[in-house]
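Owing to the predicted nature of the structure, the values given are computational and were not obtained by experimental measurement. So you know, we letter chains A, B, ... as the sequences are listed, proteins then strands, and number each from 1.
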Amino acid sequence: MDEAQRQRLEETTRYDSSEVEGRIFDEWMEGGYFHPEADGSPEENFSVAIPPPNVTGVLHMGHALNGSMQDALVRMNRMRGRNTLWILGTDHAGIATQAVVEKDLRKEGKSRHDLGREAFVERVWEWKAEYGSRIVEQYKRLGASCDYERERFTLDEGYVKAVYRVFKQLFDKGYIYRDNYMVNWDPGSHSAISDLEVENREVEDVLYSIDYPVEGSEEVLTVATVRPETMLADTAVAVNPDDERYGHLVGEHVVLPLVGRRIPIIADEHVDIEFGTGALKITPGHDPNDFEIGRKHGLEEIGVIGPDGRMTEEAGKYAGLTAPEAQKAVVEALRTEGRLRAEEPYAHSVPFSHRSGERIEPLISLQWFCRMDELARPAIEAVERDEIHITPSQWKRVYLDWMSEIRPWCISRQLWWGHRIPVWYCDACEETIVAESTPKRCGACGGELRQEEDVLDTWFSSAIWPFATLGWPEDTPELRAFYPTSFLTTAREILFLWVARMIMTGLEFPGAIPFRAVYVHSVIQARDGRRMSKSLGTGIDPLEEIDVHGADALRFGLLAMSSTQDVRFSDAKVQQGRDLANKLWNASRLILLNTAEVEAAPRPSAVEDRWILSRLERTIASVTEKLEAYDFAHAVQEAYSFFWRDLCDWYLEIAKPRLYDGEEEVSATLLYTLERVLALLHPTMPFVTEEIWSFHPSHRGHLAVHAFPRAEESFFDEAAEADVEGGIRLTQRLRAWRDLAGVPAGAKLAAVIDGVEPPSFVSRLSRVEFDGIGAEPVASVGPVRVLDSDQLDASAVAERLENRRAELQAEVQRGERKLGNEGFVAKAPADVVEEERGKLERYRTELAELS
RNA sequence: GGGCGCGUAGCUCAGUGGGAGAGCGCUCGCUUCACACGCGAGAGGUCGCUGGUUCGAAACCAGCCGUGCCCACCA
């Protein structure tokens, strides 16, 4: 520490994160600490693939929490000397990004169709170049020690190669196929989406009962529906085969009102006899259940609603109306014809697009699918056998349950931004070619080729993130050094969407699990318990928190508030983090500005030195263990408690006289303790610890690459802990006694010791002199007999005495009752009984002394 | 409909078989020479309800009430 540094330390009584963080981050980058060479094996190295944020995204609280957790483990392992890679990148986020750019275009009064595909995609790339690095910069603000030199993007040239290789191989294996099938059509993004991108919401609809006349009979079949407009596409009415009411009608026909089409009455066990009238209209073209039933019975599939959400030509006179308009018109027409038997409010859950928020329109369309069952099998085994360990453990069950019922995945999207599906069609000979790079002409007939228009689901490319980012399918040094990665932290909402798929592709392609452990973290809710969301206005911006309180404060706060269950965002915890950073700074000032010029080393010369070293090493052991078990909340709170309570409140106060005397032993011990505390806290609070480290006499390189402490068990010292903690308790009791007896804060009390001499600090910290003479004892606090003086308020002392007596009597009663219970004495473990006896003895003795 | 959670101090949360904890807030007292983003001392809880198991339950079991999330094709 030079003169300038000393001066800065002396003058700065408050830690200012905003002055420090940018500077420190630059130093780390210049040091190149986050950019490892691709050496060594995955077993000895440590690597993490960041869940790639959307390129359109801005850092939200989920990223901040997830990043804080990953960085804590990444930094700890880097400090342990492991070759550590935290790979970062962004996801092209097909729908989201396309939507952003289309919105821009609309402001210019244009649509993507005005530009044409090529120009539009070009435009998205321009947008990406300008805004795509925003979130990466925001991760830097958090202090995330990612390898920013290896940043990847899911549409990088190399990444596209990986995606195409995967597509081709899955196609060749027969897993990927094209089919006319019912899909979730999202009218908002104008694309099919997968089952996982659909969310069900409770909706108040109207349930309409409609009479369908039975052909050649006076009977009617009444069906119930919330979507009467789809009746235009009905191709059957189904009843349960066991339904005695309708047995005679199966095989007959009804005449579809408004349409006049003759449709059969069929029997299918899917129909619930109890629901409504027990007759179900079948619309294979617009309902997933009806679709299944229709395929089973070979029914015609009619589509009356088009991809634009409007009625098609098939809908006859309703063509051109939107579905809701058609619904109104159909209901009106049915009413006029007297076919509408009933309408009643009906609450049920309805699928909505997770992307656009619009109500899903089930449609039959020609899409690409991927069969998942074969891919799932090894992915199930890997988790069952704990080759991939999921924490908290209940998510293992959830994962396995979902995987065991996995269904085909619709992987095509009717978008322009994304990986265009590597399939080419020859119109001349109807050949379909799947290739990893663009073929020139049709291999069969030499004809012109036309590429599939659709792109792949964004999650198809994120599914290969852990190995595609390392250069697969090439055999790169990165892949050899860092795959499989060490662990993955994630929000549970993408357990299926992403995590499960990475496991499947990892096992299928590189042939190994993508990570050894998965940690599912809590969701941080808004302060009021609602979910944080932009649309609700409940979001809390992590960058604002960083601006105001510092990245360290936010990181500490998020880790401290995290849990295995969802938690509400706690400003208090962030503030606790900020206070901790400030306290670290000031405790360090006390130490660094007052220690003698000695080497940092454990040099205990008093019982309190042995105590603090014991507590330090125990804390290191415990915090490390908790970090490794992903128990971040307890890890940081335990470190906090050791530093603030043990080190600052007690040890520093006890050690001050020796420190000011320039004693070498205490200086060495303090510098040693500080060094280890800084290193221990660095993974969670990297900035403030790095900044303080630059003033520490042991400082050589940066703390980011300094050794992480390993607990020295030889310093564990139960005897010293018992002595000092006894002294602490006595000090606290004396202080409390003074306070309650009305003694002025600054006054010194006279007393004598009756019994074992307490540790020497007790007298100073409690402001009680133990060499009093003359006056009469007026009270006992443990072994201390407080002597009478004019500092004492006689009535307060008497009251205090009376209160204590009452307390003790209650305690004695409790003990006697417990030990008088024969069952307890006979059945409780001996040590528990012994402890009870000891306590009772002590309380009786003290009570006797008071009388 | 199935599954998984949660209900502990005013607030946010720990605690999983032997006398209720933390942070914040609150009260009282401190310009004590690192820090008022501080120091010292306090108040505050029949651990959702009812039964059960146990010598002993906040914790284990059952039921109920309240609440959240995930999955699911009853129109």
Just call it for [X]: base, sugar-phosphate, or nothing, with non-hydrogen atoms closer than 4.0 Å on any strand.
X        : answer
A:Lys656 : base
A:Val271 : base
A:Tyr346 : sugar-phosphate
A:Arg738 : nothing
A:Arg227 : nothing
A:Arg407 : sugar-phosphate
A:Asp649 : sugar-phosphate
A:Pro744 : nothing

Original post:
Are side-chain heavy atoms of A:Pro284 and A:Arg295 found at a separation under 4.5 Å?
Top reply: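 A:Pro284 does not reach A:Arg295 side chain to side chain.
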Distance, [atom1] atom - from [M] to [N], rounded to whole angstrom:
N     : M     : atom1 : value
B:A9  : B:G40 : P     : 26 Å
B:A59 : B:C35 : P     : 47 Å
B:U54 : B:C73 : C1'   : 49 Å
B:A57 : B:C47 : C1'   : 11 Å
B:G5  : B:A62 : P     : 13 Å
B:G48 : B:U8  : P     : 6 Å
B:A14 : B:G7  : C1'   : 15 Å
B:G45 : B:A20 : C1'   : 8 Å

To the nearest Å, how far apart are [X] [atom1] and [N] [atom2]?
X        : N     : atom1 : atom2 : value
A:Asn289 : B:A75 : CG    : P     : 8 Å
A:Glu202 : B:G1  : CD    : P     : 12 Å
A:Met403 : B:C71 : CE    : P     : 15 Å
A:Gln575 : B:G38 : CD    : C1'   : 14 Å
A:Ile282 : B:C74 : CD1   : P     : 14 Å
A:Asp579 : B:A22 : CG    : C1'   : 15 Å
A:Gln576 : B:G23 : CD    : P     : 7 Å
A:Asn821 : B:U54 : CG    : C1'   : 11 Å

Original post:
Can you list the steps and then say if A:Glu199 with A:His354 is a side chain to side chain donor-acceptor pair (under 3.5 Å)?
Top reply: CA-CA 6 Å; A:Glu199 63 181 31; A:His354 198 73; 2.7 Å; yes
Original post:
Step by step, would you call A:Ser194 with A:Glu197 a side chain to side chain donor-acceptor pair (under 3.5 Å)?
Top reply: CA-CA 5 Å; A:Ser194 73; A:Glu197 293 167 297; 3.2 Å; yes
Ignoring hydrogens and geometry beyond distance, is the side chain of [X] in donor-acceptor contact with the base of [N] at under 3.5 Å?
X        : N     : result
A:Lys839 : B:G19 : yes
A:Glu653 : B:A34 : yes
A:Tyr843 : B:G19 : yes

Between [options], which nucleotide has the shortest distance from any of its atoms to the side chain of [X]?
X        : options             : answer
A:Asn586 : B:C74, B:A34, B:G18 : B:A34
A:Leu280 : B:A72, B:A75, B:C37 : B:A75
A:Lys583 : B:C13, B:C74, B:C35 : B:C35
A:Arg568 : B:C39, B:C74, B:C13 : B:C13
A:Ser563 : B:G19, B:C13, B:A34 : B:C13

Original post:
For A:Asn184, which of A:Val198, A:Leu363, A:Leu196 qualifies under side chain to side chain contact (heavy atoms under 4.5 Å, CB included)?
Top reply: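 Exactly one option meets the side chain to side chain contact (heavy atoms under 4.5 Å, CB included) with A:Asn184, and it is A:Val198.
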**OP:** Nearest-nucleotide wise, let me know which of A:Glu835 and A:Phe496 is further upstream toward the 5' end of RNA chain B.
**Re:**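 So the residue in question is A:Glu835.
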Subject >> Residue met sooner reading RNA chain B from 5', once A:Tyr660 and A:Leu580 are mapped to nucleotides >> reply: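 Checking each residue's closest nucleotide, the 5'-ward one belongs to A:Tyr660.
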Original post:
Which of these passes side-chain hydrogen bond (donor to acceptor under 3.5 Å, both in side chains) with A:Lys281: A:Thr235, A:Thr230, A:Asp290?
Top reply: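 So the option named by the test is A:Thr230.
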For residues 554-569 of chain A, run the donor-acceptor check on the side chains, cut-off 3.5 Å, and write out each pair with its distance to 0.1 Å, sequence neighbours left out.
from     : atom 1 : to       : atom 2 : distance (Å)
A:Arg555 : NE     : A:Thr684 : O      : 3.1
A:Arg555 : NH1    : A:Asp71  : OD2    : 2.8
A:Arg555 : NH1    : A:Leu142 : O      : 3.0
A:Arg555 : NH2    : A:Asp71  : OD2    : 2.9
A:Arg555 : NH2    : A:Pro683 : O      : 2.9
A:Ser562 : OG     : A:Leu559 : O      : 2.8
A:Ser563 : OG     : A:Gln565 : N      : 3.1
A:Asp566 : OD1    : A:Arg492 : NH1    : 3.1
A:Asp566 : OD1    : A:Val523 : N      : 3.1
A:Asp566 : OD2    : A:Arg492 : NH2    : 2.7

**OP:** Could you let me know what B:A34 is paired to, Watson-Crick or G-U wobble, both distances under 3.5 Å, or none if it's on its own?
**Re:**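 Base partner found: none.
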Enumerate the protein-to-nucleotides 41-47 of chain B contacts in which both atoms are nitrogen or oxygen and the separation is below 3.5 Å.
from  : atom 1 : to       : atom 2 : distance (Å)
B:A41 : O2'    : A:Asp739 : OD2    : 3.1

Original post:
Where do A:Arg733 and A:Gly782 come nearest, in terms of heavy atoms and distance?
Top reply: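 Taking A:Arg733 first and A:Gly782 second, the nearest heavy atoms are NH2-N, 3.6 Å.
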Subject >> Any A:Lys281 side-chain N or O less than 4.0 Å from OP1/OP2 of B:C74 >> reply: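 Negative; the distance criterion is not met.
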Might you list the N or O atoms of the protein lying below 3.5 Å from N or O atoms in nucleotides 5-7 of chain B, with each pair's distance?
none

**OP:** Would you please indicate yes or no on a ring centroid separation below 6.0 angstrom for A:Phe496 and A:Trp409?
**Re:**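 Centroid separation for A:Trp409 and A:Phe496: 6.0 Å or greater.
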**OP:** Write out all pairs satisfying side chain to side chain donor-acceptor pair (under 3.5 Å) with one or both partners inside residues 819-830 of chain A, taking only residues at least two apart or from two chains.
**Re:**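 Non-adjacent pairs meeting side chain to side chain donor-acceptor pair (under 3.5 Å): zero.
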Original post:
What parts of residues 630-647 of chain A reach RNA chain B, counting only heavy atoms under 4.0 Å away?
Top reply: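 Within this stretch, A:His634, A:Trp644, A:Arg645 sit under 4.0 Å of the strand.
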**OP:** Using salt bridge (Lys or Arg N to Asp or Glu O under 4.0 Å) as the criterion, list what pairs up with A:Asp739, not counting sequence neighbours.
**Re:**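 Listed in chain order: nothing, the list is empty.
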Original post:
What's the verdict on side chain to side chain donor-acceptor pair (under 3.5 Å) for A:Arg589 and A:Asn586, showing C-alpha distance, side-chain angles and the deciding distance?
Top reply: CA-CA 5 Å; A:Arg589 287 176 61 228; A:Asn586 279 296; 2.7 Å; yes
Original post:
Do any N or O atoms from the side chain of A:Ser641 and from the backbone of A:Gln637 form a donor-acceptor pair under 3.5 angstrom?
Top reply: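 No: the side chain of A:Ser641 does not pair with the backbone of A:Gln637.
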